[in-house]
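Residue numbers begin at 1 in each chain, while the letters A, B, ... track the order of the sequences.
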2 protein chains.
Amino acid sequence: MDALLLSVVEREPLHGYAIIEALRERSDGALDVPTGTVYPALRRLERAGYLAGEWAVAGGRKRRTYRLTDSGRAALAGERSAWKSFTTAIGSVLDPSR
Amino acid sequence: MDALLLSVVEREPLHGYAIIEALRERSDGALDVPTGTVYPALRRLERAGYLAGEWAVAGGRKRRTYRLTDSGRAALAGERSAWKSFTTAIGSVLDPSR
DNA sequence: CTCAATAAATAGGGAGTCTACATATAGACA
DNA sequence: TGTCTATATGTAGACTCCCTATTTATTGAG
């Protein structure tokens, strides 16, 4: 989750609702993350210093827009690397060729 | 975990300790799963009918050897497929090309 | 004027992983 | 003989995290 959230706000800051939609679109519908997962996770990442949240108002609706910090950018790089070695490890076990 | 455990006993039945070693070897040391994870998971998979456990004695040591059932083989196929689509989905979000 | 979409958030449940600990035997080595 | 390492299984409790369900509120369509 952390990697997904950090990755989706990498290019441009987004608010929670938009993040959920972006996740769904980028994954072609495969990733449909509930609000009960995303909102607490965003706060967690903000507490960790990886995201910086800021309130904004657009069309009468309040939004909390999250921006990737430098620290978050470093964390994302780590997450990507960890994800890669993780899938490699799992793959080497799951792959029926062995 | 379920997929890993089912996969490792696919070719031949193994007992818990050997499963942990096999996981470590197959993943080149990347997967070092603690006993507190493996033993409960094996019992869970046995309760689910995916593994069949049987006690044996080898060199004075008691071993519970687990064999993949037909149901477990089907579950493993499902896990492999799920893992594949899961990594594809995550990859499509994590991949910086988008 | 009601419903769908937009927007955020939390409480509580549940599942699973990990740390630590407990138990026990076999074999190596001093 | 005694100790240590490897082999072998297991549980209790903490911890984290994800999900379901619910609440609140606004905008715009029908």
Side-chain angles (χ1 to χ4, degrees), chain A residues 1-9 12-25 27 29-48 50-67 75 79 82-83 86 89-90 93, chain B residues 1-9 12-25 27 29-48 50-67 75 79 82-83 86 89-90 93:
Chain A
M1 265 309 313
D2 293 12
L4 294 177
L5 296 177
L6 295 177
S7 183
V8 97
V9 297
E12 51 173 355
L14 291 174
H15 57 97
Y17 194 87
I19 288 173
I20 293 172
E21 288 190 311
L23 248 21
R24 192 166 28 229
E25 278 157 31
S27 66
L31 262 27
D32 194 7
V33 193
T35 66
T37 297
V38 169
Y39 290 114
L42 288 173
R43 296 195 157 273
R44 180 161 41 82
L45 291 168
E46 191 180 7
R47 267 201 313 280
Y50 298 152
L51 293 178
E54 207 178 336
W55 282 107
V57 178
R61 286 185 188 90
K62 282 187 296 180
R63 294 171 169 177
R64 189 158 181 83
T65 300
Y66 292 95
R67 175 181 57 79
E79 293 275 7
W83 172 251
F86 181 68
I90 304 295
V93 174
Chain B
M1 264 309 311
D2 293 12
L4 294 176
L5 295 177
L6 295 177
S7 183
V8 97
V9 297
E12 51 172 355
L14 290 174
H15 61 275
Y17 193 85
I19 288 172
I20 293 172
E21 288 190 311
L23 248 22
R24 191 166 31 227
E25 279 159 31
S27 67
L31 261 29
D32 195 6
V33 194
T35 66
T37 297
V38 169
Y39 289 114
L42 288 173
R43 295 192 159 274
R44 178 163 40 84
L45 292 169
E46 191 181 6
R47 267 200 312 279
Y50 298 152
L51 293 178
E54 206 178 335
W55 283 106
V57 179
R61 286 186 188 90
K62 281 187 297 180
R63 293 171 168 176
R64 187 157 184 85
T65 301
Y66 292 93
R67 175 181 57 81
E79 294 275 7
W83 172 251
F86 181 68
I90 304 296
V93 175

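Rounded to 10 degrees, the angle separating the terminal axes of the helix from dC1(C)-dG30(D) to dA30(C)-dT1(D) is 10°, with each axis obtained from five end pairs.
Using a 30° and 60° split on the angle between ring planes, Phe86(A) and Trp83(A) fall in the tilted class, from 30° to 60°.
Closest-nucleotide positions on DNA chain C for Gly59(B) and Asp2(B) were compared, and the one nearer the 5' end corresponds to Asp2(B). Toward the 5' end of DNA chain D, the nearer of the two residues Pro34(A) and Thr37(B), judged by each one's closest nucleotide, is Thr37(B).
Residues Glu21(A) and Leu14(A) form no side-chain contact, since every pair of their non-hydrogen atoms from C-beta on lies 4.5 Å or further apart. Looking at heavy atoms from C-beta onward, Val33(A) lies in side-chain contact with Met1(A) at the 4.5 angstrom threshold. Arg64(A) is listed as a side-chain neighbour of Glu46(A), based on a closest heavy-atom distance under 4.5 Å.
Here the closest non-hydrogen pair linking Tyr66(A) and Gly53(A) is CD2-CA, 3.7 Å. Of all the heavy atoms in Ser7(A) and Val93(B), the pair that sits closest is OG-O, 2.9 Å. Shown here for Ala89(A) and Leu31(B), the closest heavy-atom pair between the two residues is CB-CD1, 3.8 Å. Pairing each heavy atom of Thr35(A) with each of Pro40(A), the nearest pair is O-CD, 3.6 Å. Taking all atoms of both residues into account, the shortest heavy-atom contact from Lys62(B) to Trp55(B) is CB-CZ3, 4.0 Å.
Gly60(B) comes within contact range of the sugar-phosphate backbone alone, with a heavy-atom separation under 4.0 Å but no base atom that close. Within 4.0 Å (heavy atoms only), Arg61(B) reaches at least one base atom of the nucleic acid. Nucleic acid contact class of Gly16(A) (heavy atoms, under 4.0 Å, all strands): sugar-phosphate only.
Distance CG/Leu42(A) to OH/Tyr39(A): 8.0 Å, rounded to 0.5 Å.
Scanning DNA chain C 5' to 3' for nucleotides with an atom closer than 4.0 angstrom to a non-hydrogen atom of chain A gives a first and last hit of dA5(C) to dT10(C). Think of the region where chain A sits on DNA chain D: with heavy atoms and a 4.0 Å cut, that region ends 5' and 3' at dC17(D) to dT27(D).
When each of Thr65(B), Leu5(B), Leu4(B) is paired with Ile19(B), the side-chain contact (heavy atoms from CB on, under 4.5 Å) condition holds for Leu5(B) and for no other.
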